[in-house]
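Below: the structure, in structure tokens.
Ligands are counted one by one from 1 in listed order, and the atoms in each one are counted from 1 as well. Keep in mind the model is a prediction, meaning the values are calculated, not measured. One is the number of the first residue; the rest follow in order along the sequence.
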Amino acid sequence: MSGREGGHSGGAPRGGGHGGGPRGGDRGGSGGPSRRNERGRERNRPQGQREWSRTAPRERTRRADPARLVAFEVLRAVSAEDAYANLVLPARIRHHRLDRRDAGFATELAYGALRSRGTLDAVLSRCVDRPLDQLDPAVLDLLRLGAYQLLSMRVPAHAALDETVGLTRAVAGAGPSSLVNAVLRRVSARGLDEWLDEVTGDLADETERTALRHAHPAWIVRALRQALVAHGRKPDEIDALLDADNAAPVVNLVALPGLGSLDDALAAGAEPGPLVEGSALSGGGDLGRWSAVREGTVRVQDAGSQLVARAVAAVPVGERDADDHHEAWLDLCAGPGGKAALLGALAAQKGATLLANEAAPHRADLVRQALRPVPEQVWEVRTGDGREAGTALGRQFDRVIADVPCTGLGALRRRPESRWRRSPADLAELGPLQRQLLDAAIDATAPGGVVGYVTCSPHPAETTVVVEDALRRRSDIEPIDAGAALDAVALKPLGAGQGPTAQLWPHVHGTDAMFLALFRKLPTSGGKTA
Ligand SMILES: C[S@@+](CC[C@H](N)C(=O)[O-])C[C@H]1O[C@@H](n2cnc3c(N)ncnc32)[C@H](O)[C@@H]1O
């Protein structure tokens, strides 16, 4: 948990109003020294100086602050229903009609508490007189929300405490509010740094200490450190990488080439994306205010995803016999359609066609939606198992992208809960599927054609090892320099290449940690020997 006052996780939303007054729920207030202080901005609060409500918990408000209620509902949906925070949060914000400032507070609180779960639980376990798994799960979520406000947000201690107790009374009843009050008082006795020293003090293992300090599971810290080394970087970059995982990602926009315009976004203050043509970095807010976003010709897409899709579309394919040859492209694992939309637009510009394949029917529907702005004669969506692509499609393609299911360890900053859901067992489970999909992608590629193997994970087991395996097993492919292919479509040199493969990083490139390997399919007769 790197959030400190002033750090990302601890940064208060500008102009926010979630400090509460001297009584929980009293946010409008009068008589405070300044509106800013009264409304919860408390910059550079010296450690140890706490202001407490004099009101007993059971006499305090039952009214839940809507922004904190939204954060609570998100944590409950994630814990109890395995929901994805990034899908639940916007719906809850709309349901409670939060304004922009409250939505910012709810987002920071929910995402921060989800990301920091391991560290918050380590602190809470020192403040609760029983194992945390014996608490009512809803009460545990309330404690996490309170502890996150106390330790990592610029919320005055009395407000964090009173508001969380008020929320507890509103959603869990008066009974648990005394427990929440007592536990959060214990939490508030120390600042984050002191707690981190306390909970890491008796850990002999340096990785375990790093894990608690940066709010990642230890196995992921080990895996990411190993990934840095495997991709030619230094192991001591791990702190910067973990910090980048804990930072709120900027919103990357892509204008579908030939279809979308970023003019509205740029006029509203978005900045041109530094890495890739036709992209912009937006401060967020309601993107639906722009017609291009509503129409789907401007989309939210990580710059790393844009780069790998553009690289697969641009790398030269072998000479084709007929002058009027129209390239056929295949997106083997297309759902929900981010890369398919970009590839479809690029295909339209190049006179190519795109078949977007997806195994899950509801995700295939999302691909159709994403491709809607692209002329319909350019694309087709198929629902089916990509592993059959070599035989079931009855034809071969000039370009195939296999953006395979993976652990997503490269996109942790977007999915705050996912680091606590994943386990090393996922790697073992995904490995065979990733290999089968890459094999099918190669089988479905015409001689001279290009295959792109993509993951949003830098883990060697899902990236370099899969690629080395394929090169060892198959005599009909040769590697293409993926770093050079990325540089060819980027606005500046990325330095992402390592051998023939390429790896982008959040702490270096500001993108998700996308991995790209490119292969050329060799003519069967002239193929290299195994
Ligand atoms: C990493 S996501 C692809 C992301 C997508 N390319 C994009 O840019 O939006 C992997 C996708 O593969 C799909 N999938 C899983 N198993 C599959 C299979 N056997 N064949 C085809 N697709 C599969 C998943 O449902 C998921 O939508």
Side-chain angles (χ1 to χ4, degrees), residues 84 86-87 249 252-254 256 276 279 296 299-313 329-347 354-374 379-393 397 399-412 414-415 418 421-422 426-427 429-444 451-459 461-463 466 504 511-517:
Y84 295 104
N86 63 340
L87 300 183
N252 269 280
L253 300 174
V254 58
L256 297 186
V276 56
S279 72
R299 301 173 51 83
V300 174
Q301 186 174 41
D302 176 63
S305 284
Q306 297 178 41
L307 285 164
V308 297
R310 281 180 177 273
V312 173
W329 300 1
L330 170 65
D331 183 348
L332 194 63
C333 306
K339 292 181 196 70
L342 179 51
L343 288 169
L346 291 167
L354 173 72
L355 174 61
N357 179 81
E358 166 58 44
H362 68 285
R363 289 173 77 84
D365 285 343
L366 296 176
V367 181
R368 276 184 204 96
Q369 246 174 53
L371 278 162
R372 224 181 23 209
V374 179
W379 57 271
E380 190 188 330
V381 175
R382 171 184 186 266
T383 308
D385 190 333
R387 289 173 289 189
E388 302 160 354
T391 49
L393 303 182
F397 296 81
R399 297 175 195 275
V400 179
I401 182 167
D403 185 12
V404 298
C406 70
T407 56
L409 293 188
L412 295 180
R414 286 182 201 291
R415 302 170 199 152
S418 70
R421 278 200 180 142
R422 285 293 181 193
D426 297 331
L427 286 165
E429 202 175 296
L430 286 163
L433 177 61
Q434 291 165 344
R435 283 167 177 76
Q436 288 161 8
L437 286 166
L438 175 54
D439 275 333
I442 296 167
D443 292 340
V451 183
Y453 175 80
V454 175
T455 62
C456 60
S457 164
H459 197 294
E462 310 182 81
T463 57
V466 173
L504 295 165
T511 64
D512 288 349
M514 303 293 303
F515 170 82
L516 173 67

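Residues forming a ring-ring contact (aromatic ring centres under 6.0 Å, His included) with F515 (at least two apart in sequence, or on another chain): H231.
If you run side chain to side chain donor-acceptor pair (under 3.5 Å) between N357 and each of E380, R382, E388, only R382 comes through.
No side-chain heavy atom of N252 sits under 4.5 Å from any side-chain heavy atom of Q301.
Listed by chain and residue number, the protein contacts of ligand 1 are L332, C333, A334, G335, P336, G337, G338, K339, N357, E358, A359, R363, G384, D385, G386, R387, D403, V404, P405, L433, L437 (heavy atom within 4.0 angstrom).
Judged purely by atom type and a 3.5 angstrom limit, W379 uses its side chain to pair as donor or acceptor with the backbone of L371.
A distance of 7.5 Å separates CG of L433 from SG of C333, quoted to the nearest 0.5 Å.
Between the side chains of T455 and E462, no donor-acceptor pair of N or O atoms lies under 3.5 Å.
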